[in-house]
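Because the structure is predicted, anything quoted here is derived from the model rather than measured.
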Amino acid sequence: MVILRTLLEIAAILLNVLWWLIIIQVILSWLVAFNVLNTQSEGMRRFLVGLDRFLEPLYRPFRKILPDFGGLDLSPVVVLLLIGILINPVISNTLASLPPPGV
C-alpha cells in the first residue's frame, strides 16, 4: 500500500506541474498574440517552441475531435479539465481510501 500511495502522490505532483505548464503556455501565447513579448529574441523563441513541442502531443487528439473555432484553440481547456478530474476526484479519493502510512 505504501508503494501505491507513493505512486499516486508522484502522479498528483506531475499532473500539477503539467497543469502549470499549460497555464504558462496559454498566458505566453496571449502575450505573443498581443505583441507584449518579442519573439525576435532567440531565447524566448526557443522556450516557446520547446513548450509547444512538449505539450503538442497532449493537445493533438483533442484538436482532431474539437470543431474548428477559427483562431480559438480549446484543446488546452479540455486537457486542463481532464487533469482536474484526475487530480481531484480520482487521485484524492483513492489516496483518502488507502490506509495511512505505517499501518
Side-chain angles (χ1 to χ4, degrees):
M1 288 299 181
V2 174
I3 294 172
L4 179 61
R5 175 177 293 280
T6 304
L7 290 175
L8 287 172
E9 289 173 351
I10 290 171
I13 291 169
L14 292 176
L15 286 171
N16 277 320
V17 169
L18 184 62
W19 169 280
W20 284 108
L21 284 175
I22 293 171
I23 295 293
I24 289 168
Q25 184 198 29
V26 168
I27 292 171
L28 287 175
S29 72
W30 292 341
L31 293 175
V32 168
F34 292 115
N35 290 323
V36 175
L37 285 179
N38 184 4
T39 56
Q40 300 296 327
S41 166
E42 185 66 27
M44 179 58 71
R45 186 172 40 250
R46 284 186 180 189
F47 179 73
L48 293 173
V49 168
L51 201 54
D52 286 340
R53 285 185 182 171
F54 180 74
L55 294 173
E56 176 61 29
L58 293 174
Y59 299 152
R60 192 175 305 123
F62 301 107
R63 286 183 177 149
K64 290 179 183 177
I65 296 170
L66 292 172
D68 185 20
F69 291 107
L72 186 62
D73 184 16
L74 294 179
S75 56
V77 175
V78 174
V79 173
L80 287 174
L81 286 172
L82 288 175
I83 290 172
I85 290 170
L86 281 174
I87 289 175
N88 292 329
V90 176
I91 293 178
S92 297
N93 288 338
T94 306
L95 283 171
S97 68
L98 292 174
V103 173

Side-chain heavy atoms under 4.5 angstrom apart, residues restricted to Ile, Leu, Val, Met, Phe, Trp, Tyr: same cluster for [X] and [Y]?
{"X": "V17", "Y": "L51", "answer": "yes"}
{"X": "I85", "Y": "L8", "answer": "no"}
{"X": "I24", "Y": "V79", "answer": "yes"}
{"X": "L14", "Y": "L82", "answer": "no"}
{"X": "I65", "Y": "I22", "answer": "no"}

### Message
Less than 4.0 angstrom from a charged side-chain N to a carboxylate O is my criterion; do E42 and R45 meet it?
### Response
yes
Are any of the side-chain heavy atoms of [X] and [Y] separated by less than 4.5 Å?
{"X": "L66", "Y": "Y59", "answer": "no"}
{"X": "I91", "Y": "L15", "answer": "yes"}
{"X": "M44", "Y": "N38", "answer": "no"}
{"X": "F54", "Y": "L18", "answer": "yes"}

Got a second to check how far [X]'s [atom1] is from [Y]'s [atom2], nearest 0.5 Å?
{"X": "N16", "Y": "I87", "atom1": "CG", "atom2": "CD1", "value": "4.0 Å"}
{"X": "S75", "Y": "E56", "atom1": "OG", "atom2": "CD", "value": "7.5 Å"}
{"X": "I27", "Y": "W20", "atom1": "CD1", "atom2": "CH2", "value": "8.0 Å"}

### Query
Is there a donor-acceptor pair closer than 3.5 Å between any side-chain N or O of R63 and the backbone N or O of D73?
no
Quick check: closest heavy atoms across [X] and [Y], and the distance to 0.1 Å?
{"X": "T94", "Y": "V90", "value": "OG1-O, 2.6 Å"}
{"X": "G84", "Y": "P89", "value": "O-CD, 3.5 Å"}
{"X": "L55", "Y": "Q25", "value": "CD1-OE1, 3.2 Å"}

#### Entry: I3 CD1: over 12 foreign heavy atoms closer than 6.0 Å
no
#### Entry: Within 6.0 angstrom of F34 CZ, more than 12 heavy atoms from elsewhere
no
### Task
Just do the side-chain contact (heavy atoms from CB on, under 4.5 Å) check on L80 and V26 with the steps written out, would you?
CA-CA 11 Å; L80 287 174; V26 168; 5.6 Å; no
